[in-house]
Structure formats: C-alpha cells, structure tokens
There are 2 protein chains.
Amino acid sequence: METKTALTALAGLAHDTRLSLFRLLVPAGPQGLAAGVLAERLALPGATLSFHLKELRHAGLVSQRRAGRTLYYAADYAAMNALIDFLMQNCCQGADCVPAVCAPVRPRNQEPRHETHAHTRRRNRS
Amino acid sequence: METKTALTALAGLAHDTRLSLFRLLVPAGPQGLAAGVLAERLALPGATLSFHLKELRHAGLVSQRRAGRTLYYAADYAAMNALIDFLMQNCCQGADCVPAVCAPVRPRNQEPRHETHAHTRRRNRS
DNA sequence: TCCATATTTCCATTATTATAGAAATATAGT
DNA sequence: ACTATATTTCTATAATAATGGAAATATGGA
C-alpha cells in the first residue's frame with residue numbers, strides 16, 4: 001500500500017462520525033446498509049451523512065451500490081486489511097510480526113472477498 | 001482500547017509530517033531520536049516540528065525523554081499494537097482473525113516492551 | 001406526466017488544524 | 001554571571017475540514 005493511500009485511509013477513519021459509520025458497516029457484510037438507515041442510526045442530517053460517506057468512499061474504505069432509489073454502502077474489507085498491513089510495516093518493519101487477516105463475519109453466499117495473505121493460517125474459530 | 005483513544009491515534013497518524021516522523025522513530029528503537037535530528041531529516045522549522053511531536057505525544061504514539069539539553073522522542077510500540085488491535089475489531093469483529101504482534105526491530109539490550117498478546121506465537125523469523 | 005421517496009450536490013458559515021517567526025525556557029560550558 | 005545550544009511555547013495568519021439548509025438529481029409508481 002502506498003503511503004498516500006494509507007494517509008487517506010487514516011484520515012478517513014480519524015473522525016468520530018466516519019468511524020461510527022464504518023463500524024456499522026462492518027457487521028452488515030458485503031451487501032451493506034442503505035444511506036437512510038445510516039442516517040437514522042446516527043441521527044444525522046442527509047447532507048452531513050453524504051459528506052462523510054463520500055469521504056470514506058474516496059478513502060477507498062466503503063463502496064456504493066444502487067438498488068432502485070436507495071444507495072447501499074458497504075465496508076471494503078480488503079482496504080481495511082491493506083491499512084492494517086501498512087501500519088504493521090510502520091510498527092515493526094516487517095520483522096518479528098504476525099500478519100493480520102480480516103474477513104466479513106458471515107460471508108453471505110458469496111466467494112471470498114480478498115486474496116491478501118492467502119498463505120496465512122486462520123485462528124480464533126469461535 | 002477505547003474508541004476515543006483510537007480516534008486520537010488515527011488522527012495522530014493521519015498527517016503527512018506526523019506519519020513520516022513516526023516512521024523515522026520506529027526503526028530508531030526505544031532510545032529514539034533527538035528533536036534536532038528529526039527537524040533536520042524532514043527539513044522542518046522547529047516550531048512546526050514541535051507542534052507535530054506534541055500532537056503525537058498527546059495521541060500516545062511517542063514518548064519524550066530528556067538528556068542534557070536535547071530531547072529524544074521514541075515510538076510507542078504498545079500504542080501502535082493497541083491501535084492495530086482496535087482496527088482489527090472494526091474490521092472483523094473479533095471473529096476469524098489472526099491478531100497482530102509488533103515489536104521493535106532490534107531491541108537494544110532492554111527487556112520486552114509490551115505484554116499484549118502474550119498468548120500469541122511469533123512467526124516470520126527473518 | 002406528475003408526485004413521492006431517497007439521496008446527493010451546492011453553498012455559506014463555522015470550527016478545527018497547520019504553519020512558522022519571534023520570544024521564552026532549559027541546560028551546559030566557561 | 002554570561003554565552004551558546006536545543007527546543008519549546010506564544011501568537012497571528014493561513015489553510016483545510018465539517019455542518020446543515022435548500023435546491024437539484026435519480027428512480028419508481030399511479
């Protein structure tokens with residue numbers, strides 16, 4: 001991951017509202033949540049919500065999908081993995097490090113979402 | 001890690017100059033680098049450097065130590081680990097996840113720097 | 001075509017963060 | 001005590017980001 005990309009991702013998450021949005025989207029899985037639902041859950045005016053969603057989108061952390069007149073937003077797990085990877089480079093320079101692997105909690109009948117760390121064994125079966 | 005703490009840490013790293021500072025400090029190990037050295041390496045005016053170092057310090061990402069008239073700044077590995085942990089919660093909600101462990105590259109005659117993840121096996125001997 | 005719904009973009013305002021010169025503080029040496 | 005060095009805090013200014021009402025766009029249904 002490029003430094004500039006990492007910086008944008010960090011700035012994307014470094015805001016109360018946006019972090020909350022992302023945290024709502026993560027357990028929602030790949031199909032995401034409608035803008036309206038997000039607005040309601042966080043009690044945000046539409047314009048403000050839109051502003052932050054755009055920000056997250058530009059940071060590559062969420063994706064947008066239209067279905068009828070509602071827009072669904074979903075967390076981008078690969079982007080989050082890439083960010084974590086980047087931070088681990090900055091934390092330990094690649095040495096003596098256990099890499100992280102993240103995936104949607106319950107992938108709803110869909111193929112695996114990212115090929116990063118294909119070599120890494122999974123743990124924490126819960 | 002508390003959300004508020006994570007937000008501060010994210011904001012701490014979400015700036016070009018501060019991320020560069022942190023990346024200079026990481027390989028420097030626990031004894032850190034003098035403010036003067038950092039100023040020179042990044043070609044920053046003293047006041048600007050001070051501003052960003054304070055920011056990083058308030059975010060808990062770096063520590064300060066005085067020796068004579070020079071102030072040394074060092075990366076806080078535990079804080080970085082905590083941040084990565086936090087992000088992994090937000091990425092996969094604790095399920096199906098390999099936790100990360102980070103440590104200084106070459107601990108210079110000093111005891112291990114953090115007790116987080118004492119249960120986790122190390123990998124990547126290089 | 002007309003109306004309702006879902007959501008965005010526009011724009012003005014306010015709030016927050018960054019920049020860097022100059023003055024202040026801390027320490028050390030003579 | 002005086003001077004030099006290292007670095008910070010003070011302060012004003014400039015730059016960037018966030019907020020939210022109002023107007024605009026997109027879609028779907030009658």
Side-chain angles (χ1 to χ4, degrees), chain A residues 3-25 28 31-76, chain B residues 3-25 28 31-76:
Chain A
T3 300
K4 212 169 162 182
T5 316
L7 270 169
T8 322
L10 286 166
L13 294 174
H15 186 279
D16 198 15
T17 300
R18 289 193 295 266
L19 185 57
S20 298
L21 283 170
F22 194 80
R23 294 177 83 178
L24 282 177
L25 293 180
Q31 77 271 51
L33 293 174
V37 173
L38 293 168
E40 197 195 24
R41 297 255 184 104
L42 296 182
L44 287 173
T48 303
L49 175 78
S50 252
F51 169 78
H52 289 298
L53 284 174
K54 179 157 69 179
E55 213 69 3
L56 284 170
R57 230 148 69 72
H58 286 173
L61 289 165
V62 315
S63 60
Q64 189 191 53
R65 169 178 60 89
R66 182 180 279 277
R69 48 193 159 183
T70 97
L71 286 169
Y72 288 87
Y73 289 88
D76 188 318
Chain B
T3 299
K4 211 168 163 185
T5 316
L7 270 169
T8 321
L10 285 167
L13 294 174
H15 186 280
D16 198 15
T17 300
R18 288 194 294 266
L19 185 57
S20 299
L21 283 171
F22 194 80
R23 295 177 83 179
L24 282 177
L25 293 180
Q31 76 270 52
L33 293 174
V37 172
L38 293 168
E40 196 195 26
R41 296 253 184 107
L42 296 181
L44 289 173
T48 303
L49 175 78
S50 251
F51 169 79
H52 290 298
L53 285 175
K54 178 158 67 180
E55 213 69 2
L56 285 170
R57 230 147 70 74
H58 287 172
L61 290 163
V62 314
S63 60
Q64 188 190 56
R65 168 177 61 88
R66 181 180 280 278
R69 48 192 159 185
T70 99
L71 286 168
Y72 288 88
Y73 289 89
D76 187 318

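By convention in this document, chain letters (A, B, ...) are assigned in the order of the sequence lines, proteins followed by strands, and residues within each chain are numbered from 1. Every value quoted in this text rests on a predicted model; they were computed, and no experiment measured them.
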Measure the spacing between NE2 of H15(A) and CG of L10(B) and express it to the nearest 0.5 Å. 12.5 Å

Could you check how far CG of L13(A) sits from P of dA18(D), rounded to whole Å? 12 Å

Rounded to the nearest 0.5 Å, what separation is found between the CG atom of L21(B) and the CG atom of L56(B)? 6.0 Å

Spacing between L56(B) atom CG and dT7(D) atom C1', to the nearest angstrom: 16 Å

So CG of D76(B) and CG of L25(B): to nearest 0.5 Å the spacing works out to 11.0 Å

In Å, rounded to the nearest 0.5 Å, how long is the span from CG of L44(A) to CG of L53(A)? 9.0 Å

Interatomic distance, R57(A) CZ vs dT8(C) C1' [rounded to whole Å]: 11 Å

Between atom CG in L21(B) and atom P in dT7(D), what is the gap in whole Å? 13 Å

So does H52(B) get a backbone contact from the side chain of R18(B), meaning a donor-acceptor N/O pair under 3.5 Å? no

Quick one: label G36(A) by what it contacts on the DNA or RNA (base, sugar-phosphate, nothing), any heavy atom closer than 4.0 Å. sugar-phosphate

Given protein heavy atoms under 4.0 Å, the one-letter contact record of nucleotides 12-22 of chain C, with B base, S sugar-phosphate only and - none, is simply ------BBBB-

CD of E55(B) to OG1 of T8(B): how many Å apart, nearest 0.5 Å? 9.5 Å

Write down the atom of Y73(B), the atom of Q64(B), and the distance for their closest heavy-atom approach. OH-NE2, 2.7 Å

Taking NE2 from H58(A) and P from dA17(D), how many angstroms apart are they, rounded to a whole number? 13 Å

Figure out the CZ/C1' separation between R65(B) and dT7(D), and round it to whole Å. 15 Å

Starting at atom CG of L71(A), determine the distance to atom P of dT27(D), rounded to an integer number of angstrom. 9 Å

Nearest whole angstrom, please: distance from the P of dT7(C) to the CG of L42(A). 14 Å

How does protein reach along nucleotides 25-30 of chain C, written 5' to 3' as B (base within reach of a heavy atom under 4.0 Å), S (only sugar-phosphate), or - (no contact)? --BB--

Heavy atoms only, 4.0 Å cut-off, all strands: where does A39(A) land among base, sugar-phosphate and nothing? nothing

Can you tell me how far apart CG (L7(B)) and OG (S20(A)) are? Round to the nearest 0.5 Å. 7.5 Å

Any base atoms under 4.0 Å from S50(A), or only sugar-phosphate, or nothing? Heavy atoms, all strands. base

Check whether R66(B) reaches the backbone of G68(B) with its side chain - one donor and one acceptor, N or O, closer than 3.5 Å. yes

